[in-house]
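Report on the following structure.
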Amino acid sequence: GENVEQHPSTLSVQEGDSAVIKCTYSDSASNYFPWYKQELGKGPQLIIDIRSNVGEKKDQRIAVTLNKTAKHFSLHITETQPEDSAVYFCAASFRPGGGADGLTFGKGTHLIIQP
Amino acid sequence: EAQVTQNPRYLITVTGKKLTVTCSQNMNHEYMSWYRQDPGLGLRQIYYSMNVEVTDKGDVPEGYKVSRKEKRNFPLILESPSPNQTSLYFCASTRDRTNSPLHFGNGTRLTVT
């Protein structure tokens, strides 16, 4: 099955600086890579995703990049704000069409934004 | 409001006492799933269901049962809970098994003593 490694486990940045979280995956058949944000006391929520035919995707302050050759993908958050403090999970799916039943999650990154 | 509702939010029980955690979604989603979240281990899938009366094992199904008699409900059953099942549990649903976003409930924190 798929194995997803996520680093770092904890990341502390100053408000206004950028944050980068990195994930690697093992199954070259993986084709769908979502990122979820989990705020305290809540369930994870999708913030951005990318498919294997795209190298980069951006949505306001967040962006995701994908390197299929190296089998890694990254989440970039610019101009960080206090509300960005949360646990972030990357995931990869090897099912055709990126099926949720084939979704494997990384272990999570606790992002702390220092005022 | 579109949502996934889990109950209860918190549950403390003793070893061996059967319990059920309920999950209901109001979005007419075909696909539903249960995950457990443990420190340092992330989210691991327990069971999933593609549709009514169709369920399958995820990565960590031992000690759990599920049923999908109706489209909106997907209860998680622990027939004989043990302390290693102490965890934070999440139910999730999505429109179908293609890459549409998972919608998660707010979690159930279970403690088994």
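Keep in mind it's a predicted model, so treat the numbers as computed, not measured. Quick note on labels: first sequence line is chain A, next is B, and so on, each numbered from 1.
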[X] with [Y]: basic N within carboxylate O range, under 4.0 Å:
| X | Y | result |
| --- | --- | --- |
| B:Arg95 | B:Glu30 | no |
| A:Lys37 | A:Glu39 | yes |
| B:Arg36 | B:Asp38 | yes |

Check whether [X] reaches the backbone of [Y] with its side chain - one donor and one acceptor, N or O, closer than 3.5 Å.
| X | Y | answer |
| --- | --- | --- |
| B:Trp34 | B:Phe74 | yes |
| B:Gln3 | B:Asn26 | no |
| B:Ser49 | B:Tyr31 | no |

What distance separates A:Phe89 CZ from A:Leu103 CG, expressed to the nearest 0.5 Å?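 Output value for this atom pair is 12.0 Å.
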Given the options A:Pro44, A:Gly43, A:Ala91, which has more heavy-atom pairs under 4.5 Å with chain B than any of the others?
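Ranked by heavy-atom pairs under 4.5 Å with chain B, first place is A:Pro44.
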Q) What residue pairs, at least two apart or across chains, pass salt bridge (Lys or Arg N to Asp or Glu O under 4.0 Å) with a residue in residues 16-31 of chain A? A)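 Salt bridge (Lys or Arg N to Asp or Glu O under 4.0 Å) check on residues 16-31 of chain A returns no pairs.
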| said: Taking side chain as everything from C-beta outward and backbone as N, CA, C, O, which of these in B:Arg9 sits under 4.5 Å from a heavy atom of chain A? Side chain, backbone, both or neither. | reply: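 Just its side chain gets close to chain A.
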Do you reckon A:Val20 sits in the same ILVMFWY cluster as A:Leu11, going by side-chain contacts under 4.5 Å, direct or chained?
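A:Val20 and A:Leu11: separate clusters.
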Quick check: is A:Tyr36 connected to B:Val4 through a chain of hydrophobic side chains (ILVMFWY, heavy atoms under 4.5 Å apart)?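 B:Val4 and A:Tyr36: separate clusters.
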Could you look at A:Gln38 and say if it's the side chain, the backbone, both or neither that has a heavy atom under 4.5 Å from chain B?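 The side chain, not the backbone.
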If contact means a heavy atom pair closer than 4.5 Å, which residues of residues 104-115 of chain A contact chain B?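 So the qualifying residues are A:Phe105, A:Gly106, A:Lys107.
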Query - chain B-proximal positions within residues 69-81 of chain A [heavy-atom distance under 4.5 Å] - result: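 Interface residues of residues 69-81 of chain A: none, nothing closer than 4.5 Å to chain B.
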Contacts table for residues 102-113 of chain B: side-chain donor-acceptor under 3.5 angstrom, sequence neighbours left out:
from     : atom 1 : to      : atom 2 : distance (Å)
B:Thr108 : OG1    : B:Gln6  : NE2    : 3.1
B:Thr108 : OG1    : B:Pro8  : O      : 2.6
B:Thr113 : OG1    : B:Thr13 : O      : 3.2

